[in-house]
Asks: 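Mind having a look at this structure? Questions to follow.
Computed from a predicted structure; not experimentally measured.
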Amino acid sequence: MFRLWAKEFKDNRMLRDTVVCDDTNDTRTHKIFNALDTVCYEFDLSKPIWLDNTVSEFQRHAKARFYEDNFVDSIDFDYLEIQVIEEN
């Protein structure tokens with residue numbers, strides 16, 4: 001079971017969150033991208049751009065924050081945080 005937790009924050013308060021589960025036999029990378037697509041659809045967001053510092057942060061901690069610089073459209077929150085909470 002693969003689970004990814006996504007949270008939107010503004011002024012250090014969580015606005016909303018969701019957990020995406022994936023039981024497929026895809027690679028870890030595919031599961032992450034598919035889960036992020038699901039989160040963006042559910043939160044009605046454009047897909048964020050993975051900048052170099054975002055990628056390195058995710059590789060080190062299995063957690064990443066997407067700020068306004070990561071989005072093409074303007075956002076009404078401070079950042080979107082994703083975190084892998086279960087991997088098997």
Side-chain angles (χ1 to χ4, degrees):
M1 170 70 75
F2 174 87
R3 294 189 313 151
L4 183 125
W5 186 17
K7 303 166 272 194
E8 260 184 24
F9 285 90
K10 183 172 181 117
D11 299 328
N12 290 327
R13 293 180 183 259
M14 185 168 52
L15 300 176
R16 58 184 168 174
D17 68 328
T18 188
V19 174
V20 179
C21 301
D22 191 341
D23 276 337
T24 64
N25 290 327
D26 276 346
T27 63
R28 181 177 190 258
T29 304
H30 285 137
K31 289 180 181 183
I32 292 164
F33 285 133
N34 291 338
L36 188 57
D37 288 347
T38 303
V39 168
C40 290
Y41 180 78
E42 186 174 323
F43 288 175
D44 194 25
L45 300 171
S46 61
K47 293 180 189 170
I49 299 166
W50 287 82
L51 301 175
D52 291 340
N53 61 340
T54 313
V55 172
S56 64
E57 180 185 356
F58 192 80
Q59 287 172 339
R60 280 183 281 143
H61 306 292
K63 178 195 272 188
R65 289 184 177 175
F66 296 98
Y67 296 94
E68 190 166 14
D69 293 346
N70 296 91
F71 292 92
V72 174
D73 301 333
S74 63
I75 56 174
D76 59 348
F77 52 90
D78 294 335
Y79 60 88
L80 171 71
E81 181 178 281
I82 62 169
Q83 178 179 4
V84 176
I85 56 175
E86 184 179 350
E87 269 184 289
N88 285 345

Asks: Can you measure from CZ (Phe58) to CD (Gln83) and round to the nearest 0.5 angstrom?
Replies: 9.0 Å
Asks: Apply side-chain contact (heavy atoms from CB on, under 4.5 Å) to Val19 and list each qualifying residue two or more places apart in sequence or on a separate chain.
Replies: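 So Val19 forms a side-chain contact (heavy atoms from CB on, under 4.5 Å) with Arg3, Trp5, Cys21, Ile85.
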Asks: Looking at residues at least two apart in the chain, or sitting in another chain, which of them share a salt bridge (Lys or Arg N to Asp or Glu O under 4.0 Å) with Glu57?
Replies: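 Counting only residues at least two positions away or on another chain, Glu57 forms no salt bridge (Lys or Arg N to Asp or Glu O under 4.0 Å).
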Asks: Within the structure provided, determine whether Leu36 and Trp50 are in side-chain contact (heavy-atom separation under 4.5 Å).
Replies: yes
Asks: Working to the nearest 0.5 Å, report the span between OG1 of Thr24 and NE2 of His30.
Replies: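 The NE2 atom of His30 is 10.0 Å from OG1 of Thr24, to the nearest 0.5 Å.
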Asks: How many angstroms lie between CD1 in Ile32 and CG in Asp26, if you round to the nearest 0.5 Å?
Replies: 11.5 Å
Asks: For Glu87, what residues pass the side chain to side chain donor-acceptor pair (under 3.5 Å) criterion, not counting sequence neighbours?
Replies: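 Expected list: Arg28.
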Asks: Strictly by salt bridge (Lys or Arg N to Asp or Glu O under 4.0 Å), give each pair with a member in residues 35-47 just once, sequence neighbours left out.
Replies: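 Found Asp37-Lys47.
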Asks: Say you draw a straight line from CG of Asn25 to CZ of Phe2; how long is it, rounded to the nearest 0.5 Å?
Replies: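 Going from the CG atom of Asn25 to the CZ atom of Phe2 covers 14.0 Å.
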Asks: Compile the donor-acceptor pairs under 3.5 Å between side chains in residues 7-15 and protein atoms, sequence neighbours left out, one pair per line.
Replies:
from, atom 1, to, atom 2, distance (Å)
Lys7, NZ, Glu81, OE2, 2.9
Glu8, OE1, Arg16, NE, 3.1
Glu8, OE2, Arg16, NE, 3.3
Glu8, OE2, Arg16, NH2, 3.0
Lys10, NZ, Asp76, O, 3.4

Asks: Heavy atoms, side chains only, cut-off 4.5 Å: are Arg65 and Leu80 in contact?
Replies: no
Asks: Minimum heavy-atom separation for Val72 and Ser46, please, with both atom names.
Replies: N-OG, 4.3 Å
Asks: For Asp78 and Ile75, work out which heavy atoms get closest and say how close.
Replies: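 Looking at all heavy atoms of both residues, the closest pair is O-CD1, 4.2 Å.
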Asks: Mind checking what makes side-chain contact (heavy atoms from CB on, under 4.5 Å) contact with Thr29, not counting sequence neighbours?
Replies: Thr27, Phe33
Asks: Considering residues at least two apart in sequence or located in another chain, which fulfil the side-chain contact (heavy atoms from CB on, under 4.5 Å) criterion with Val20?
Replies: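 In terms of side-chain contact (heavy atoms from CB on, under 4.5 Å), with neighbours along the sequence ignored, Val20 is linked to Ala35, Thr38, Val39.
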Asks: Do Ile49 and Phe71 touch side chain to side chain, with heavy atoms closer than 4.5 Å?
Replies: no
Asks: What residues, two or more places apart in sequence or in another chain, satisfy side-chain contact (heavy atoms from CB on, under 4.5 Å) together with Asn70?
Replies: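 Partners of Asn70 under the side-chain contact (heavy atoms from CB on, under 4.5 Å) test: Pro48, Leu51, Thr54, Phe66, Tyr67.
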